[in-house]
There are 2 protein chains.
Amino acid sequence: MKRDSRLSSVLHALLHMAEHDGSMTSEALAECMNTNPVVVRRTMGLLREAGIVASARGHAGGWTITADLSTVTLRQLHEVLGEPAIFAVGNRNETPDCLVEQSVNAALDDAFADAEALLLDRFAHVTLADLAADFARRHADWRAKRNK
Amino acid sequence: MKRDSRLSSVLHALLHMAEHDGSMTSEALAECMNTNPVVVRRTMGLLREAGIVASARGHAGGWTITADLSTVTLRQLHEVLGEPAIFAVGNRNETPDCLVEQSVNAALDDAFADAEALLLDRFAHVTLADLAADFARRHADWRAKRNK
DNA sequence: GGATTCGTAATAATTGAAGTTACATGAAAC
DNA sequence: GTTTCATGTAACTTCAATTATTACGAATCC
């Protein structure tokens, strides 16, 4: 399967929107993310349902962030995207009759559950505002280097 | 992407082999794992290169475990399988020019790296002998329940 | 020598994300 | 009100990765 990069994509889009005054069209977002406007609409549509962004049609339409950046966590975004499977490796059969396989599954599930819990906890403590601040830092560094 | 279940498969196979006296053919392993003999050979071939199992051709041929069960960890098996990608989600672009995307990637990569480290550490502390012991426990429970 | 079993290459099936096309719907500009 | 711009969606195709299958060669034992 292809890797799911929607979380990465929406973060990229949201940060661009945060830096941009006014709304941005699907096409503009698609261009700066190297993808397709329809894909943008699909994923941004999920965020709209969650009240994180709003969309407007017609002239001067497009997408805007409606939520406070400091209240939106990566974990929330992960949930909004439908909590896609995090791991690319897993059990062959989730509900096996075979006792051997049950032992194997139990051991693996345990480890995966802990790793997932850690990841989601990390996600829960990173907000869009944090990312925006990190970007501002990088941007300042970049300008300092350029003007040196 | 389809989920990689080779680690699960290999563990299943190894535990069956551990319970079974003598060698087991690819076909027998394939049957108890609900898969194809060729798939078994492919994956077991990697374990053979690592010295964990041995194979013999012809009459009475098949696969046998050569390593001490208490020395083989899940982490080692993961490595033997080529350290497949653990996560099904990830960054859209690993080396972006865009500073925004660099911020996003940095945050995600950080969290993923920690989760991966935890997972591999857990894997490093589980041996085949542990799994065999867990199976023995389940098997005893099952027999007790059956004879009640 | 014949049956059995691994070894392996080549190819197809499967799965789910991502991309594309096409067209309908709604809002602003003129 | 008509044109233009933009979202909303359905349907379909492409793409990437694992897994399954077919086919045949090579080795081993009876």
Side-chain angles (χ1 to χ4, degrees), chain A residues 1-10 12-13 17 20 22-31 33-49 53-66 78 81-94, chain B residues 1-10 12-13 17 20 22-31 33-49 53-66 78 81-94:
Chain A
M1 167 174 46
K2 233 175 193 169
R3 277 167 71 147
D4 182 341
S5 60
R6 284 179 302 162
L7 180 57
S8 168
S9 293
V10 293
H12 191 178
M17 288 163 67
H20 191 270
S23 62
M24 289 183 74
T25 66
S26 304
E27 193 159 351
L29 287 169
E31 188 160 352
M33 295 166 63
N34 248 42
T35 179
N36 192 291
V38 177
V39 175
V40 172
R41 287 186 204 121
R42 262 206 300 252
T43 51
M44 295 299 278
L46 296 173
L47 302 208
R48 181 186 48 219
E49 289 173 21
V53 299
S55 62
R57 308 206 228 196
H59 274 275
W63 301 88
T64 48
I65 300 184
T66 52
H78 173 69
L81 292 176
E83 307 196 44
I86 288 177
F87 296 106
V89 307
N91 296 325
R92 153 175 228 87
N93 179 347
E94 287 307 329
Chain B
M1 174 179 18
K2 230 177 193 168
R3 281 169 76 156
D4 182 341
S5 61
R6 283 179 303 163
L7 180 58
S8 168
S9 293
V10 161
H12 191 177
M17 288 164 68
H20 191 270
S23 61
M24 289 183 73
T25 67
S26 305
E27 192 158 351
L29 288 170
E31 187 159 355
M33 295 167 61
N34 247 41
T35 180
N36 193 291
V38 177
V39 175
V40 172
R41 286 186 205 122
R42 262 205 300 252
T43 51
M44 295 299 277
L46 296 173
L47 303 209
R48 180 186 48 220
E49 288 171 21
V53 300
S55 61
R57 308 205 227 199
H59 274 275
W63 301 89
T64 48
I65 298 185
T66 53
H78 173 68
L81 292 176
E83 308 196 44
I86 288 178
F87 296 105
V89 307
N91 296 326
R92 154 176 289 279
N93 178 347
E94 287 306 329

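By convention in this document, chain letters (A, B, ...) are assigned in the order of the sequence lines, proteins followed by strands, and residues within each chain are numbered from 1. Everything numeric here is computed off the predicted structure, so don't read it as measured data.
S55(B) has a side-chain polar atom (N or O) that falls below the 4.0 Å cut-off from OP1 or OP2 of dG7(C). A sub-4.0 Å separation between OP1 or OP2 of dA6(D) and a side-chain N or O of S26(A) is absent.
To the nearest angstrom, P of dT5(C) lies 12 Å from CG of L29(B). Rounded to whole angstrom, the span from the CG atom of L46(B) across to the C1' atom of dG7(C) amounts to 13 Å. Rounded to an integer number of Å, the gap from CZ of R48(B) to C1' of dG7(C) is 8 Å. Residue F87(A) contributes atom CZ, which lies 17 Å from atom P of dT18(D) at whole-angstrom precision. The interatomic distance linking M33(A) (CE) with dA18(C) (C1') rounds to 12 Å, in whole Å. When rounded to the nearest whole Å, the span between CG of L47(A) and P of dG8(D) equals 12 Å. In this structure, L81(B) places its CG atom 13 Å from C1' of dT18(D), rounding to the nearest Å. Rounded to whole Å, the distance from CD on E27(A) to C1' on dC5(D) is 10 Å.
Considering only residues two or more places apart in sequence or on other chains, E49(A) meets the side-chain contact (heavy atoms from CB on, under 4.5 Å) condition with L46(A). Here R6(B) pairs with D4(B) under the salt bridge (Lys or Arg N to Asp or Glu O under 4.0 Å) rule; sequence neighbours left out. T25(B) pairs by the side-chain hydrogen bond (donor to acceptor under 3.5 Å, both in side chains) definition with nothing, not counting sequence neighbours. Taking the side-chain contact (heavy atoms from CB on, under 4.5 Å) definition, one finds that R57(A) meets it with nothing, sequence neighbours left out.
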Worked verdict on L7(A) versus V89(B) for side-chain contact (heavy atoms from CB on, under 4.5 Å): CA-CA 8 Å; L7(A) 180 57; V89(B) 307; 5.9 Å; no
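From M17(B), atom CE reaches atom CG of L29(B) across 6.0 Å, with rounding to the nearest 0.5 Å. Distance CE/M33(B) to OG/S5(B): 8.0 Å, rounded to 0.5 Å. We find the OG1-CZ distance between T66(B) and R48(B) to be 11.0 Å, quoted to the nearest 0.5 Å.
Counting any heavy atom pair closer than 4.0 Å across all strands shown, G62(B) reaches sugar-phosphate atoms only and no base atom.
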Determine, for nucleotides 19-29 of chain D in 5'-to-3' order, which nucleotides have protein heavy atoms under 4.0 Å from the base (write B), from only the sugar-phosphate (write S), or from neither (write -). SBBBB-BBSBB
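Between the side chains of R92(B) and S8(A), no donor-acceptor pair of N or O atoms lies under 3.5 Å.
Along DNA chain C, the nucleotide nearest to T43(A) and the one nearest to G45(B) differ in position, and the one closer to the 5' end is contacted by G45(B).
Taking five base pairs at each end of the helix from dG1(C)-dC30(D) to dC30(C)-dG1(D) and finding the rotation axis that steps the C1' atoms of four pairs onto the next four gives two axes whose angle is 10°, to the nearest 10°.
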